[in-house]
Amino acid sequence: MKLPRHPIVAAGVALCLALIQTRAGVPEDMALLRQRCLFYAAGRAPNDPGTISIRHGLYAQSPFSPTGEIDLAASGLSLAALPAAVATSVITLSQGTAIALDASARIKEMITKSAQAVTPAARALYGYKGMLFHYYVWDGVAGEFHGSAEVSSIDTALLMYGLAACAQYFGGTVLTDYTSARDLVDWKGWLDTSTPGHLNQFRMAWYPASGFAGWWDWWSQETLLLDVMACASDITLDPRALWTAWRRDLVTYVPPGPAAQTFVCHATWNGDPFTVFYASALLGLHRCPADFNGVNWFAESRTSYQGHVEYFRKERGFLDSLTFAFFNGSTGSIAKPRSSPDAPAANYSDATIYSVAGGLPYYSSTPAANPLAVALSQLMATTPGFFQWHGWPLESVMATQSPHLAASGFIIGQDISLTALAVDNLLAGGRVHDLLFADARIAGALSMIFPPQLNAVTISSGLVQANWSGVPLSAARLQRSADLVVWQDAGPVSFSAAGVASWSGTPSGVREFLRLSIQR
């Protein structure tokens, strides 16, 4: 199926270039960074209208990726940022709709072919049980994408989150395509139900020549994203069984003085801050209650991220709260990233922009009071040529030098779009969060993991009044009982965007119990 191409108008480019002149302070710098990064979601490089990042409906990892190659993670996070590109006038609604329609049709086509593939030859081309390859390359003769590298559960999930955000924003055919694609993925086929120590854990990857490899067996925000998308796709899955399946390792990190702090939290699967902000860019964890075990995972992620900031500041001499993050952690550690558990601490002098932007939700929601927003603003102001490398923000800077010098000109699309999402969440109050909460299946799965908490029950003026906090935009039904045996339905309860729900009714005149039944 050949999907049409669509131009990005020069007016959007002019808007972005005009913003270059705005250098009045942190909020303005953040708006500029957001606009520049959102141009990737719009299909172009910020400073180079001739550079096209969309190939046959989905996104390349970078302008220099092999001809015809696209990347699922870059595609997913870019689609998640597409509504912000429209809302901030980087592109028009009609242009954003065209991109979303192309992407949704292509994703539905690819997942359908993966789900229908039953022979080894077909699976080597299209994927395994509805899951997709990390990379695909366009076959011009066949007129379709063929897989490359591993079939990846997390990259497929990231792609689906991006399409879910677009489905809620654009609706219509995009929503229909998303629903069809979501329901075709065979999540149970990727769930380990037999290996000791890995029961109810999803497999990481599948290779045509060798089969499954790895498990999502540690806490990370990617694990959360997988569990929630799986349960949104297949409502027969038990979110709580999946949530309790992975390993929890409570660790303590105490950096050297002066003013030493103690950081206690659950370690991520490799001890890297990279793993504790991916879900925060997509799902508003700070707006969710504690999980059904009483653990606040937003607070856990914040502690882990801030502990890593202290490590890089105190033990590595990094400036401006910068961190290094890219798969260089030691399992079971909160800090001191390593290439393997027995290796010495990694000795890097560069920092990644997206790892700084990813930490934005863990500080003040006011840009000028947010130390990482200030750090990004300073980075933009003191790094020569920050926006000049073919229009892409530089991924890495020399973190121990000032003014910051570019350490690397390489950047991939998922980093650009994640930065766009993180900054837009800061400036717009969580636009993508609201879109994904509005997906009833996603909100329902989250509510099973982060159940509503009863705030108060009062009896006044002949009314019983109850108030709960829960996952924003989720739904439940209230049930009443006098004996905890027989329960009667008392009607629907809906949570607001602020995550608050209330109900009032006439007292029964006897002892009475109330409970909420989550709707999925």
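Here the structure is a predicted model, which is why all the values come from computation and not from measurement. Computed over heavy atoms, backbone and side chain alike; hydrogens, waters and symmetry mates excluded.
- Taking CD1 of Ile107 as the reference point, atom CG of Leu72 lies at 8.5 Å (rounded to 0.5 Å).
- Residues Val397 and Asp350 fail the side-chain proximity criterion, which asks for heavy atoms closer than 4.5 Å.
- When only modelled atom types and interatomic distance are considered, Gln414 and Tyr278 share a side-chain donor-acceptor pair under 3.5 Å.
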Test Val86 against Tyr169 for side chain to side chain contact (heavy atoms under 4.5 Å, CB included), laying out the working first.
-> CA-CA 10 Å; Val86 173; Tyr169 189 81; 3.5 Å; yes
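- At least one side-chain heavy atom of Arg441 sits under 4.5 Å from a side-chain heavy atom of Asp183.
- A cation-pi arrangement is present between Arg36 and Phe387, with the terminal nitrogen or guanidinium carbon under 6.0 Å from the aromatic centre and inside a 45° cone about the axis.
- In summary, the side chains of Thr193 and Lys188 do not present any donor paired with an acceptor at a separation below 3.5 Å, with no hydrogens or angles considered.
- When all heavy atoms of Ala281 and Val432 are compared, the closest pair comes out as O-CG1, 3.1 Å.
- Residues Ile111 and Leu132 are in side-chain contact: their nearest non-hydrogen atoms beyond the backbone lie under 4.5 Å apart.
- By the 30° and 60° cut-offs, the orientation of the rings of Trp246 relative to Trp219 is tilted.
- Residues Gln116 and Tyr126 bring no donor and acceptor atom of their side chains to less than 3.5 Å of each other.
- Note: Phe202 and Trp216 fail the aromatic proximity criterion, with ring centroids not under 6.0 Å apart.
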For Tyr135 and Ile70, what are the C-alpha separation, side-chain angles and deciding distance, and is it a side chain to side chain contact (heavy atoms under 4.5 Å, CB included)?
-> CA-CA 6 Å; Tyr135 299 96; Ile70 56 95; over 6 Å; no
Please report the C-alpha distance between Leu418 and Phe277 in whole Å, then the side-chain angles of each, then the deciding distance to 0.1 Å, and finally whether the side chain to side chain contact (heavy atoms under 4.5 Å, CB included) criterion is met.
-> CA-CA 10 Å; Leu418 187 143; Phe277 59 71; 3.8 Å; yes
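- Under the side-chain hydrogen bond (donor to acceptor under 3.5 Å, both in side chains) criterion, the residue pairs touching residues 75-87 are Ser78-Ser417, with sequence neighbours excluded.
- A 4.5 Å side-chain heavy-atom check between Tyr161 and Ile442 finds at least one atom pair inside the cut-off.
- When only modelled atom types and interatomic distance are considered, Asp439 and Tyr178 share a side-chain donor-acceptor pair under 3.5 Å.
- Side-chain atoms of Gln95 and Thr92 form a donor-acceptor pair, as typed in the model, at a separation below 3.5 Å.
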Check against salt bridge (charged side-chain N to carboxylate O under 4.0 Å, His left out), Asp234 and Arg520 = CA-CA 10 Å; Asp234 183 349; Arg520 296 177 59 190; over 6 Å; no
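- A side chain to side chain contact (heavy atoms under 4.5 Å, CB included) with Asp177 is found for one member of Thr173, Leu175, Thr179, Val174 and no other, namely Thr173.
- A 4.5 Å side-chain heavy-atom check between His433 and Asn425 finds at least one atom pair inside the cut-off.
- Classified by interplanar angle (parallel below 30°, tilted 30° to 60°, perpendicular above 60°), the ring pair Tyr362/Tyr305 is tilted.
- Aromatic rings from His266 and Trp297 are positioned such that their centres are separated by under 6.0 Å.
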Working for ring pair (Phe, Tyr, Trp, His ring centres under 6.0 Å), residues Phe212 and Tyr128 | CA-CA 10 Å; Phe212 282 122; Tyr128 184 68; 5.6 Å; yes
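- Side-chain N/O atoms of Ser280 and Gln221 include a donor and acceptor closer than 3.5 Å.
- Residues Thr88 and Gln35 bring a donor and an acceptor atom of their side chains to less than 3.5 Å of each other.
- In this structure the side chain of Trp215 reaches within 4.5 angstrom of the side chain of Thr195, judged on heavy atoms.
- Side chains of Tyr136 and Glu144 form no contact here, defined as non-hydrogen atoms less than 4.5 Å apart.
- Using modelled atom types and a 3.5 Å distance limit, the side chains of Asp320 and His404 yield a donor-acceptor pair.
- Thr268 and Thr275 are linked by a side-chain donor-acceptor pair at a separation below 3.5 angstrom, with hydrogens and angles left out of the test.
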Please assess Ser396 against Thr352 for the test side-chain hydrogen bond (donor to acceptor under 3.5 Å, both in side chains), listing each intermediate value before the final yes or no.
-> CA-CA 5 Å; Ser396 300; Thr352 53; over 6 Å; no
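- Rounding to the nearest 0.5 Å places CZ of Arg240 at 9.0 Å from CG of Asp291.
- Note that the CG atom of Leu77 and the CG atom of Asp415 stand 9.0 Å from one another [nearest 0.5 Å].
- At least one side-chain heavy atom of Phe386 sits under 4.5 Å from a side-chain heavy atom of Ile353.
- Atoms SG and CG, from Cys231 and Leu242 in turn, are 4.5 Å apart once rounded to the nearest 0.5 Å.
- For Arg34, the side chain to side chain donor-acceptor pair (under 3.5 Å) criterion is met by Asp424, not counting sequence neighbours.
- Separation of atoms CH2 (Trp218) and OG1 (Thr223) is listed at 11.0 Å; rounding is to 0.5 Å.
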